[in-house]
Amino acid sequence: MPDSAVLNAIRAVVGERGLLTGDSTAGYVEDWRRLYHGRTPAVVRPANTDELARVVRLCADARIPIVPQGGNTSMVGGATPSETGDQLVLSTARMVRIRDIDPLDLTMTLEAGVTLQAAQQTAAEAGCLLPLSIASEGSAQVGGVLATNAGGNNTVRYGNARDMVLGLEVVLADGSVWNGLRRLRKDNTGYCLRQLFVGSEGTIGIITAAVLKLVPQPREVCVALCAVPSPEAALALFARFQSHDPAAVSAFELMSGPGIGFVLRHIDAAVLPLATHAPFYVLVELATPRPDAGLRTALETVLESALAEDIVSDAAIAESMTQRAAMWRLREEHSEAQKREGASVKNDVSVPVSKVPAFIRHASEACEALMPGIRPVPFGHVGDGNIHFNLQQPVDADPAWFLAQDHAIMETVNDVVREFEGSFSAEHGIGRLKPYMMASWRGGAELRLMQRIKAALDPNGIMNPGKLLP
Ligand code: FAD
Ligand code: 2HG
Ligand code: ZN
């Protein structure tokens, strides 16, 4: 517990508006999934990089642990303080300045607390696209998105958050500031420091600003929802779209019958725009900045041949922005609908794209053998091999009993992931949920290297202790 002299010194830096204590910390100490319920002496909300750096320096001198927090949407408890009550939450919510946007350079420079949605809107107003899209974008902040190297719906075309970063500004664990806000496309000057911080989950420094790459805004966007008989058919459809025009596929998402069922049951105004239900569904989005690219014709051509060959059993093409948004809602509301359906265990995993169908089959069988009545809900970014292989509790099971089996369930899924040479953490990161898995998946030289980096950059272990590394 920091003594009151340090808290007073922090208050002197950030002012009354910048320091929350007592009940006002409630929204900052629990994660979105409600798996972790922490405590904190204070939530510090600096207004700019200078204030943030001075706060970190005070914490470094007093050895006070810091939990960096953006939108607090982590799926792995990464931004939640521990139950010990001695970890300070450092929120970037007030650092919301867009410092620069340049449509010719195709870059924007912005502070860590800007929400992803606000960043996307600013880019759109300048005639550009920030091609990163996740269901939590209304709350998730640029700093958090970079610290977790978020993926999302457009990775298949544009890559992960990591691929959008040209420069960073970071406050290090001793309170010094590294200004690497360069917006150069070429800059071969030694170790790529910015990429060390992307995906580091707040364990070696706090990202305070970034230079992100933009792309030209699409002129034409087409979205279709397709019913497919199996994941094999979904991949066959993916291959057809890719061979038709790989530069046009901006999203290719898989959903299951049960997953769509939960959305229709729990989400207001959700409607399936197809005549019948199917075992699996695909949402495909094509987009292009090229004028007169004939995207709609391309979509229809591919779908017609897929329908003729029973790769697709039914399909609907969005005819308006409203219909497009309604189709995307069916996909984006999967997490919320699952939460309302009861307890679930999440497995954010990846396998080579070609192995997705076999992986889904084997993992479903293994989980059903482990726990009769368990309900697999595989969905996600099939175009890049990232499946959210989530398991819903059996209908009549006690949620607490089900959640107590989480390690056994995750291990069962991970055994299959290993079989297919995949990863146990595709896009959500490690956080507080998965550090115990690191030794078996990344042990030996790889983990030792990470531990040496951590020790070098955070020798007193004050940056987000208990997260990422075992
Ligand atoms: P937080 O949750 O606040 O923090 C996440 C981690 O980053 C923590 O370890 C924290 O300490 C650290 N951190 C936060 N800010 C900083 C900073 N400025 N500097 C250093 N470290 C920092 N993720 C995906 O990849 N793809 C998806 O499609 C996706 N969809 C989601 C849908 C829903 C409904 C929800 C709830 C989450 C989803 N996520 C997804 C997970 C999550 O939203 C993302 O990981 C997001 O990137 C986290 O951003 P945040 O600002 O909320 O970070
Ligand atoms: C998504 O793709 C997110 O919608 C969340 O990554 C996945 O709820 C989940 O498991
Ligand atoms: Zn996802």
Side-chain angles (χ1 to χ4, degrees), residues 31-36 73-78 134-136 148 150-153 231 234 253-267 270 279-283 329-351 356-382 384-395 397 399-417 420 422-434 437:
D31 65 313
W32 187 86
R33 294 176 63 186
R34 301 198 196 108
L35 294 180
Y36 303 105
T73 65
S74 170
M75 285 282 184
V76 289
I134 56 181
S136 55
T148 52
N153 305 327
E253 297 282 313
L254 181 75
M255 292 162 281
S256 70
I260 284 282
F262 294 161
V263 174
L264 297 176
R265 185 178 312 156
H266 297 293
I267 304 297
F280 286 92
Y281 299 87
V282 160
L283 191 154
R329 255 188 109 212
L330 292 173
R331 165 62 186 87
E332 300 268 72
E333 293 288 356
H334 263 60
S335 307
E336 184 60 38
Q338 264 203 291
K339 202 173 175 180
R340 294 186 192 173
E341 178 69 16
S344 68
V345 171
K346 290 184 189 294
N347 294 279
D348 163 43
V349 301
S350 61
V351 294
V356 166
F359 163 72
I360 290 178
R361 201 172 45 252
H362 288 214
S364 300
E365 285 164 8
C367 290
E368 281 152 6
L370 177 78
M371 187 185 289
I374 199 167
R375 292 174 289 165
V377 189
F379 68 95
H381 320 292
V382 64
D384 40 81
N386 173 195
I387 295 299
H388 299 300
F389 195 83
N390 295 354
L391 284 313
Q392 202 73 28
Q393 63 168 86
V395 174
W401 169 84
F402 178 72
L403 287 179
Q405 323 291 316
D406 66 340
H407 281 212
I409 297 171
M410 290 193 280
E411 205 44 49
T412 301
V413 174
N414 283 342
D415 283 347
V416 185
V417 173
F420 290 105
S423 171
F424 70 109
S425 170
E427 60 171 10
H428 295 164
I430 306 298
R432 199 170 154 184
L433 184 69
K434 298 185 176 177
M437 298 180 191

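As the structure is a prediction and not an experimental result, all values here were calculated from the model.
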Could you tell me whether the side chain of Lys339 and the main chain of Trp32 form a donor-acceptor pair under 3.5 Å?
yes

Do the non-hydrogen side-chain atoms of Met437 and Ser425 ever get within less than 4.5 Å of each other?
no

Correct closest heavy-atom pair for Gly342 and Gln392 would be O-NE2, 3.3 Å

Which atom of Val416 lies closest to which atom of Ala366, heavy atoms considered
CG2-CB, 4.3 Å

Separation of His266 NE2 from Arg340 CZ (nearest 0.5 Å):
8.5 Å

Once rounded to the nearest 0.5 Å, what's the spacing between atom NE2 of His334 and atom CD1 of Ile260?
5.0 Å

Should Asp406 and Leu35 count as side-chain neighbours, where that means a heavy-atom distance under 4.5 Å?
no

How would you list all residue pairs meeting salt bridge (charged side-chain N to carboxylate O under 4.0 Å, His left out) that involve residues 356-376, not counting sequence neighbours?
Glu232-Arg361, Glu341-Arg375

Residues at least two apart in sequence or cross-chain that pass salt bridge (Lys or Arg N to Asp or Glu O under 4.0 Å) with Glu253, listed by chain then number, are Arg331

Hey, does the side chain of Asn347 reach the backbone of Phe389 with a donor-acceptor pair shorter than 3.5 angstrom?
yes

Smallest heavy-atom separation, Gly152 atom then Ile134 atom, equals CA-CG2, 3.7 Å

Quick one: CG on Asn386 to CG on Leu254, what's the gap to the nearest 0.5 Å?
11.5 Å

